[in-house]
Structures are given as C-alpha cells and as structure tokens.
Amino acid sequence: MARSTVRPVVRLRSTAGTGVTYVTRKNRLNDPDRLVLRKYDPAAGRHVLFREER
C-alpha cells in the first residue's frame with residue numbers, strides 16, 4: 001500500500017479568521033472522518049478550531 005493513502009496530507013485552516021493554515025499528516029489513530037482539530041493559532045494567540053480543507 002502506498003504511504004500517501006495511509007497518511008494523507010491535510011490542510012487545516014483556522015476558524016478564527018486569521019488566515020493561518022497548517023499542513024499536517026493525518027494521524028491514523030484519530031477518527032478518519034474528523035473535520036475539525038483544535039490547534040494553537042499564533043495570530044490569535046490562543047487555541048482555536050482548525051477546519052480541514054478537502
């Protein structure tokens with residue numbers, strides 16, 4: 001099996017409206033249908049929700 005199908009690259013955009021994006025490799029241990037992750041947004045200075053762009 002190709003590695004890209006096991007751990008696809010996912011782009012996350014901050015819901016705080018700051019324009020901050022993260023590019024992460026999806027963790028297989030997490031729910032594969034999860035659309036929102038909580039990460040630190042340096043522009044907002046706090047943890048906010050990041051939504052996947054599919």
Side-chain angles (χ1 to χ4, degrees):
M1 181 180 290
R3 188 177 190 90
S4 62
T5 60
V6 176
R7 295 175 64 88
V9 175
V10 175
R11 182 182 296 274
L12 302 171
R13 182 181 294 277
S14 175
T15 59
T18 58
V20 174
T21 58
Y22 281 97
V23 177
T24 64
R25 293 192 175 274
K26 180 172 285 196
N27 188 348
R28 283 182 296 169
L29 298 177
N30 289 343
D31 178 11
D33 294 324
R34 176 181 291 180
L35 292 172
V36 179
L37 288 171
R38 188 168 180 270
K39 296 176 70 71
Y40 182 75
D41 186 342
R46 59 189 171 89
H47 281 81
V48 297
L49 294 177
F50 278 74
R51 188 170 298 276
E52 288 184 10
E53 291 184 346
R54 293 193 174 192

Those residues at least two apart in sequence (or on a different chain) that pass side-chain contact (heavy atoms from CB on, under 4.5 Å) with Tyr22 are Leu12, Val20, Thr24, Lys39, Pro42, Phe50
Problem set entry | salt bridge (Lys or Arg N to Asp or Glu O under 4.0 Å) contacts touching residues 40-49 (sequence neighbours left out) |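 Salt bridge (Lys or Arg N to Asp or Glu O under 4.0 Å) check on residues 40-49 returns no pairs.
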* Step by step, work out the side-chain contact (heavy atoms from CB on, under 4.5 Å) result for Val9 and Val23. => CA-CA 7 Å; Val9 175; Val23 177; 3.2 Å; yes
For Arg51, the salt bridge (charged side-chain N to carboxylate O under 4.0 Å, His left out) test, sequence neighbours excluded, returns none
Q: Please confirm whether the backbone N or O of Leu49 pairs with a side-chain atom of Thr15, one donor and one acceptor, at under 3.5 Å?
A: yes
